[in-house]
Amino acid sequence: MEKTSLNFNWEFTSSKTNKKSIVNLPHSGLDIPVTHFNLHDLEFIQTYVKELDFNAEDLEKHLEVLFEGAAHNTDVYLNDELIFNNLGGYNRFVVLIKPKLGKNILKVVVDSHENKNIPPFGGVVDYVGYAGLYREVYLIKKPINNINNIKVSYDNILANNLINVEFMANVTNKDFELIILDKNQEVVYKTNSKVITNLTKIEVELPSKNLWSIDNPYLYDLNIKFEGATYETYFGLRDVKFKSDGFYLNGKLIKLIGLNRHQSYPYVGYAMPKGAQIEDANLLKELGVNIVRTAHYPQSKNFIEHCDKIGLLVFTEIPGWQHIGDTSWQDMSVLNVERMIERDYNNPSVIIWGVRINESNDNHDFYLKTNKKAKSLDPNRPTGGVRNMVNSELLEDVYTFNDFIHEGNNIGLQKKSTVTKKKNPYLVTEHNGHMFPTKAYDNEIKRLSHALRHLRVIDSAKMPNNKISGAIGWVFADYQTHAEFGSGDMICHHGVLDIYRNKKLASYSYMAEGSKDDILYVGSNMHIGEYPRSDLEKVYVFTNLDYIKLYKNNEYIKTFYPNKDEFRNLNHPPIVIDDFIGDLIHKNEGLTIKDANRAKKILRAVQKYGTRLPLRYNLMILYLFKKYKMTMDEGVSLFYKYLSNWGTKQSDYKIEGYKDTKLVKTVVKSIYKKYDYMLEVTNNNLVIADTYDVTRVVFKKVDQNGEIATYSFDPIAIEVENLELIGPKLQTLNSGIIAFWVKTTKKGLGTIRVKVANKEYETKVYVDEVNN
Ligand code: GAL
């Protein structure tokens with residue numbers, strides 16, 4: 001089978017301008033700002049035209065055009081004849097073509113209007129559908145006698161090495177060869193046999209097996225040679241079970257901790273190639289989560305395939321949002337179940353099929369059909385259906401529920417028994433989100449609360465024996481949405497990352513708990529002026545190290561340990577710094593340890609109550625004043641010296657993180673002395689292959705300790721050479737940091753330059769080109 005890219009050089013026109021241009025795919029035709037855009041600017045008709053040339057040999061083949069996705073209503077024409085219509089913005093579709101010899105014109109007309117007859121549309125949706133031929137397109141050439149739909153399944157892989165391979169052939173009585181290769185490309189199984197009926201099923205006993213898991217995402221390749229062509233897929237061996245007491249991967253009970261993801265990006269909507277999909281999956285892994293939910297539709301195959309490679313579990317679901325349309329809309333959703341399963345059947349990362357419209361009401365007949373469809377295509381993989389009602393009708397295998405009970409000062413999650421029956425497997429599919437929208441530029445108290453809210457829910461989810469399979473938070477990154485949602489700027493600021501995929505404070509709560517790397521993140525800039533009453537009462541440190549040591553102006557203050565009282569079930573509870581004085585009053589002022597502690601209590605009380613001190617503190621003051629012959633002025637100066645800092649020189653803080661006795665990481669927080677900027681690319685080796693490549697470019701303002709200058713909105717000017725910038729040339733930092741994406745245009749060195757104030761920063765990327 002030959003698969004060639006059709007992603008380059010489409011002649012493009014849109015109903016907005018009628019001006020012709022040449023574009024590459026993925027493409028959205030959008031030109032909208034990040035915030036405050038007009039939704040109607042996303043609704044238009046775009047026409048893509050491409051000439052295809054076929055020789056006599058080609059015409060003897062079976063020819064298809066594979067569309068990975070187009071939003072949302074697509075007509076495909078060959079030589080002006082309408083040959084296919086696809087309704088739905090999130091599915092792959094294959095169009096059989098019968099071209100003539102020589103030049104043919106392939107025309108694709110994509111209508112992005114929110115058509116109420118196409119899921120998810122019909123109601124008001126909390127996300128936008130964008131536009132365009134936004135995923136890749138390929139030409140497939142196969143011999144006339146060919147096969148398709150290779151599926152690998154197994155139902156008891158822990159107990160044996162048996163797998164079933166099946167595929168469809170359009171002819172019978174022909175030979176085929178099946179080869180299975182391990183990770184090192186060694187052949188582990190080979191057989192030659194004959195296709196007898198159109199559907200061939202073979203049981204294969206592998207000589208040995210390597211299970212696919214989160215830590216060891218082991219993949220096998222499978223090739224079938226048939227009538228002169230080779231057909232390829234890959235698979236992984238893992239056992240997935242949701243039971244009434246939780247989720248089991250390969251027989252081991254694990255907690256699923258994850259985030260939901262929307263597939264949208266600034267400026268281009270959904271239109272991002274492989275490089276960006278890979279980076280999102282990598283970012284999720286970096287956050288330390290083990291599952292992602294593709295809310296609320298199937299996402300790019302490139303994303304799913306990378307999840308297979310890095311061991312990130314996936315909950316995928318059909319397009320929808322609260323609204324259920326008429327019967328033809330429902331039929332399309334049943335078809336969406338089929339499209340979802342057919343595409344991702346062999347992907348081991350996918351552990352559950354979402355077969356309900358997100359947060360819709362019960363609808364017995366409709367959901368009987370979606371479930372039946374899923375089970376007929378894939379009896380082995382569990383189904384779920386995300387709802388926001390407790391004890392609703394369960395036709396799926398797993399009760400999947402959005403639990404927004406947590407409000408910052410109450411329980412993290414509802415008890416399973418209030419949500420569903422004891423016997424049902426149970427997974428929380430959303431939490432937080434709209435309960436606490438938090439911007440990257442919100443004040444520190446708010447950003448910290450955002451982080452702690454996520455952690456409290458994770459802590460509840462991880463409570464042993466609670467029979468909850470896990471919790472998937474809302475949401476990975478901020479996303480553009482309809483005007484009815486968001487903050488009036490058409491953005492839902494619910495992400496643990498901002499829309500540019502830069503980390504908000506809440507990211508570090510996920511990383512401290514789940515990352516395999518050493519994490520030490522101080523959740524405060526430690527500037528008293530950020531706090532009401534200048535009262536920096538507590539600082540939360542997000543870390544997976546054993547303990548931290550705090551130094552103030554180079555003097556050792558105290559050692560702090562993970563807060564196991566507040567977070568009983570986390571592997572790595574945050575460490576709370578709640579004492580910035582330590583033994584200093586005892587050491588420097590000559591008070592006994594006991595009296596120094598009394599003095600500390602008084603200072604804290606003064607901070608809290610001002611001059612209206614409760615009686616007991618006044619009594620303590622009298623006692624100390626008398627004993628140490630202190631004047632009022634001397635007492636007040638202690639306050640300024642050790643606590644308030646208001647009007648005195650800013651303190652420098654050093655936080656050392658230790659593993660056992662080893663110093664692993666150090667963070668310094670001090671008054672800004674010197675600023676600099678940093679320009680970083682995520683990937684400086686780009687490859688033009690099936691289509692253009694992209695990389696994310698991060699530009700940030702940092703102080704002398706490398707700490708981001710939060711609340712800085714400096715204007716920047718971006719220039720690129722031999723690359724294309726996605727988005728405007730003039731941008732601003734978004735609270736100290738911004739990211740933008742650049743696209744490849746040609747082979748060679750590409751330059752990215754950012755100008756800020758009177759400085760200039762430059763970096764290079766190397767662009768290679770490989771034939772596809
Ligand atoms: C849920 C919904 C999500 C998102 C979230 C915000 O109800 O499923 O799509 O809107 O709320 O918290």
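Counting convention: from 1, in listed order, for ligands and their atoms alike.
Among the candidates Val124, Val125, Ile357, the single residue satisfying the side-chain contact (heavy atoms from CB on, under 4.5 Å) test with Trp321 is Val125.
Relative to the six-membered ring of Phe44, Lys16 meets both conditions, a distance below 6.0 Å and an angle of at most 45° to the axis.
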Check each N or O atom of ligand 1 against all protein N or O atoms and list the pairs under 3.5 Å, with atom names and distances to 0.1 Å, one per line.
| residue | atom | partner | partner atom | Å |
| --- | --- | --- | --- | --- |
| ligand 1 | 7 (O) | Glu359 | OE1 | 2.6 |
| ligand 1 | 7 (O) | Glu359 | OE2 | 2.6 |
| ligand 1 | 8 (O) | Asn358 | OD1 | 3.4 |
| ligand 1 | 8 (O) | Asn358 | ND2 | 2.8 |
| ligand 1 | 8 (O) | Glu359 | OE1 | 3.4 |
| ligand 1 | 8 (O) | Glu359 | OE2 | 3.4 |
| ligand 1 | 8 (O) | Glu430 | OE1 | 3.1 |
| ligand 1 | 8 (O) | Glu430 | OE2 | 2.7 |
| ligand 1 | 9 (O) | His296 | NE2 | 2.5 |
| ligand 1 | 9 (O) | Trp321 | NE1 | 2.7 |
| ligand 1 | 10 (O) | Asp126 | OD2 | 2.4 |
| ligand 1 | 11 (O) | Glu430 | OE1 | 3.4 |
| ligand 1 | 12 (O) | His434 | N | 2.8 |
| ligand 1 | 12 (O) | His434 | ND1 | 2.5 |

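Looking at Glu430 and His494, their side chains never bring a donor and an acceptor atom within 3.5 Å of each other. Asn282 and His306 are linked by a side-chain donor-acceptor pair at a separation below 3.5 angstrom, with hydrogens and angles left out of the test.
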Report task. List the steps, then state whether side chain to side chain donor-acceptor pair (under 3.5 Å) holds for Asp280 with Tyr265. Result -> CA-CA 11 Å; Asp280 266 10; Tyr265 294 82; 3.0 Å; yes
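Heavy-atom neighbours of Lys516 NZ from other residues, nucleotides or ligands within 6.0 Å: at or below the threshold of 12.
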